[in-house]
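Working notes, structure below.
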Amino acid sequence: MKRNILIAVAWPYASADIHVGNITGSYLPADIYARFHRLQGNDVLMVSGSDSHGTPITVRADEDGSTPEEVYQRYHKRFLDLFQKLGLSYDLFTSTHTENHFRVAQTMFSALKEKGYMYAETQEQWYSTSQERFLPDRYVEGTCYICGFENARGDQCDQCGNLLEANELINPRSKMDGSTPELRDTEHFYLDLGALQSKIVDFLKEREDYWRPNVIRQSLGQILAEDLHGRAITRDLKWGIPVPVNGWEDKRLYVWFEAVIGYLSATIEWAALSGDEELWKDWWYNSDSRVYYFIGKDNIPFHAVIWPAELAGVGNTFGALFDEDDKHNLVLPYDVPANEFLNMEGKKISGSRNWVVDGLDFLSRYDPDPLRYYLTANMPETRDADWEWKEFVTRNNNELVATWGNLVNRVLSFAHKQWEGKIPDPGDLRPEDEAILEVIQKGFKKAGDLYNRVKLRAALTETMHLAGEVNKYIDNQAPWFEIKEDKDAAGKTIFTAIRAIDSLKILFAPVLPFSCEQLHQTLGYNKPLFEEQYTESVDDNLGTHEVLRYREGEVCCEWQPSEISPGSPFREPQPLFQKLDPEVADEEYNRLGK
RNA sequence: GGCGAGGUAGCUCAGUGGUAGAGCAGGGGACUCAUAAGCCCUUGGCCGGCGGUUCAAACCCGCCCCUCGCCA
């Protein structure tokens, strides 16, 4: 049955470059899952964008002497570049700084307010009299009231590691100009999560049996132990989305409330760009559609609790306010397959200490598929994983090159030489030929089940295992002997092997799109396996923003075994992957921390 | 402090009640189509610790230790 699948991918903060930990945490698994479902023939939409608001961006702008807008544009462009090079096939990668997102986010706010899930409350916050503005917690420094450290930030003390109540800092000073701030009253809106608790508990319990244990148990456990309480969703800032209430024009929606709304607004923007403004409803108003949220474990509460609370809270009021269609509720998350973290050579990744492998930097020296392969084979699906350069090189050489790449090369070069670039006609297949093809066929079911349940690492292992089975089959048949005495027998073996390879191409394609596309062309197909990515500029009243898109066009092949025909021509094979000198592992390791 | 996840072969990880598994690394072998790749055989583990339930525990229960995340 054809299904609408929405792949909702974490929104990167546009204040730092993306590293391999970010990639394996959410962006890569999302893309693999999207490609798998496209091959399944489902209606897939994969959306995300740059989180362009929030304190990290204003902090970066203040440090650089630039504006938040410039900071977000700079990193956003680098994201688009990286995602294209890495083959992350977003149907739309946009940003939160668009007129459309402002409107959708403000509508969500208004809908929640109308439903009675918002209340206003006054709190005290540090105010800079010299700059005439309220200071975000991390803009205030002072003495830690727990350990006495003199340079603690308002939100956290770097010496004792405790999270702090900014208002209790001793000897506070503004990070901006060193002046002494004063506490002033300020009023903010709160999302009444307490009132939404029973809806959230029901929502989680319905999904208890198939969600990953760390996601479901943490969310449910925390709620049942402590109950949900209201959270402030507005801030005294200039950069961001204005609160759509009279008298509140100077305040902004808090990013954690606003950014998750991007999943909805990006789908709406995608529909408008596609030429049919109503299309987004096929995913958001369709109770049969499935929405998957690919995120890292640090984001679990926002996607398993807070965002579902926003969605359940608005009910049909979002539609009523947005385009006067009050017949539908918004679809709640189907699954939140959050990944754990990736460490770097045994230590935590740290951007500031350069203990990190940057995505663009990596791709300046290596191809995308080896990275995708290594990160998937080692994906932190159940626990933290570790990036080791040595392991990257050995997995590339022993698995990608030796098992899969060499299988393709040994079969196709032999075939090309002996049958002059045409696939041999096997006549009737022998039992051993049928047997290996059946193993492959069962692989579609087995790997398909694993992909479907978002066990990407296991799906890849299974596929690599099948490549091993084909290598065994070839060694058993030994077509290089067969051809000396009985060319027809060798033809049966090679035909069978080519079909197996052509099938494995489909099974590997979600993880290894570039090399599978290359193999696909070598085998003589006209239409590509996947469509193309491209960028486009979009104008609105907030300015111009560049987006990443995915072209819709004719593609070949679905999730089923090869039916490639005898006699059809194919090209001389070129290696799919390059072997790496083991020394590069040391070279790369020595770059870390410098 | 509260809520969780993880701790299994040298390394990376599967395995949730019935005689410990895979890949890589290590050792040995036969072959040559292939990127000296692939194939066959093989060494290697008191399954974090201590108790408990059971005819039977890596798996269930309790306590403890270590790593990581979230919340306060």
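In what follows, chains are A, B, ... by sequence order, proteins preceding strands, each numbered from 1.
- Residue Leu450(A) is classed as having no contact, given no heavy-atom separation below 4.0 Å to the nucleic acid.
- For the C1' atoms, the distance linking A30(B) with U8(B) amounts to 34 Å, nearest Å.
- In this entry the distance linking NZ of Lys484(A) with P of U32(B) reads 7 Å, nearest Å.
- Residue Thr394(A) places no side-chain N or O under 4.0 Å from the OP1 or OP2 atom of C11(B).
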Step by step, would you call Lys446(A) with Glu462(A) a salt bridge (Lys or Arg N to Asp or Glu O under 4.0 Å)? CA-CA 8 Å; Lys446(A) 208 167 168 184; Glu462(A) 173 61 22; 3.8 Å; yes
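- Rounded to whole Å, atom C1' of A22(B) lies 14 Å from atom CE of Met464(A).
- Between the CD atom of Glu340(A) and the P atom of A5(B) there is a distance of 10 Å, given to the nearest Å.
- Straight-line distance from the CG atom of Asn339(A) to the P atom of A5(B): 17 Å, rounded to whole Å.
- Between U54(B) and A25(B), the distance separating the two C1' atoms is 39 Å to the nearest Å.
- Ion pair Arg430(A)/Glu482(A) flagged as a salt bridge, since at least one NZ, NE, NH1 or NH2 atom sits closer than 4.0 Å to an Asp/Glu carboxylate oxygen.
- For the C1' atoms, the distance from G27(B) to C33(B) is 27 Å, rounded to whole Å.
- Considering only the side chain of Pro575(A), U35(B) comes nearest among G6(B), G38(B), U35(B).
- Regarding Ile295(A), its CD1 atom lies at a distance of 12 Å from the C1' atom of G69(B), rounded to whole Å.
- In this structure, Arg383(A) does not pair ionically with Glu340(A), as no charged nitrogen and carboxylate oxygen lie closer than 4.0 Å.
- Between the side chain of Tyr33(A) and the main chain of Tyr292(A), no donor-acceptor pair closer than 3.5 Å is present.
- By the 4.0 Å N-to-carboxylate-O rule, Arg372(A) lies close enough to Asp31(A) to be salt-bridged with it.
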Given Watson-Crick and G-U pairs under 3.5 Å, RNA chain B in dot-bracket ([ ] crossing, | other strand) is ((((((((.[[[[.)..(..]]]].((((.........)))).....[[[[[..)....]]]]]))))))).
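- With rounding to whole Å, Glu399(A) atom CD is found 17 Å from C11(B) atom P.
- Here Phe302(A) lies out of heavy-atom contact (under 4.0 Å) with every strand.
- One finds no side-chain N or O of Lys297(A) lying less than 4.0 angstrom from the OP1 or OP2 phosphate oxygen of A5(B).
- For the pair Lys205(A) and Asp202(A), the salt-bridge criterion is not met [side-chain N within less than 4.0 Å of a carboxylate O].
- Heavy atoms of Ala377(A) sit nowhere under 4.0 angstrom from any nucleic acid atom.
- Rounded to whole Å, atom P of G38(B) lies 17 Å from atom CD1 of Ile436(A).
- For residues 204-227 of chain A, proximity to RNA chain B is found at Asn214(A), Arg217(A), Gln218(A), Gly221(A), Gln222(A), Ala225(A), Glu226(A), defined as any non-hydrogen atom under 4.0 angstrom from a strand atom.
- Annotation: cation-pi geometry not satisfied between Lys505(A) and Trp404(A) (NZ/CZ under 6.0 angstrom from ring centroid, within 45° of ring axis).
- The shortest side-chain heavy-atom distance between Ser219(A) and Ile300(A) falls under the 4.5 Å cut-off.
- Heavy atoms of Lys348(A) sit under 4.0 angstrom from primed sugar atoms or phosphate atoms, though from no base atom.
- Distances shown here put a side-chain N or O of Lys417(A) below 4.0 Å from the OP1 or OP2 atom of A34(B).
- Arg410(A) forms no cation-pi arrangement with Trp480(A), by the criterion of a distance under 6.0 Å to the ring centre and an angle within 45° of the ring axis.
- Residue Gln578(A) is classed as having no contact, given no heavy-atom separation below 4.0 Å to the nucleic acid.
- Whole-Å rounding puts the Ile474(A) CD1 to A34(B) P distance at 13 Å.
- Tested against Gln197(A) for a side chain to side chain contact (heavy atoms under 4.5 Å, CB included), the candidates Asp192(A), Val305(A), Asp227(A) yield a single pass: Asp227(A).
- For the C1' atoms, the distance from A34(B) to G15(B) is 35 Å, rounded to whole Å.
- With Tyr254(A) as the aromatic partner, Arg235(A) meets the cation-pi criteria of under 6.0 angstrom to the ring centre and within 45 degrees of the ring axis.
- Contacts between residues 402-414 of chain A and RNA chain B, counted as heavy-atom distances below 4.0 Å, involve Ala402(A), Asn406(A), Asn409(A), Arg410(A), Ser413(A), Phe414(A).
- Residue Arg383(A) has a polar side-chain atom (N or O) positioned under 4.0 Å from OP1 or OP2 of A14(B).
- Distance alone, capped at 3.5 Å, is enough to place a donor-acceptor pair between the Thr496(A) side chain and the Lys492(A) backbone.
- Of the charged side-chain nitrogens involved, at least one lies within less than 4.0 Å of a carboxylate oxygen, so that Glu588(A) and Arg365(A) count as a salt-bridged pair.
- With A25(B), C13(B), A37(B) as the choices, the nucleotide that has an atom nearest any side-chain atom of Lys579(A) turns out to be A37(B).
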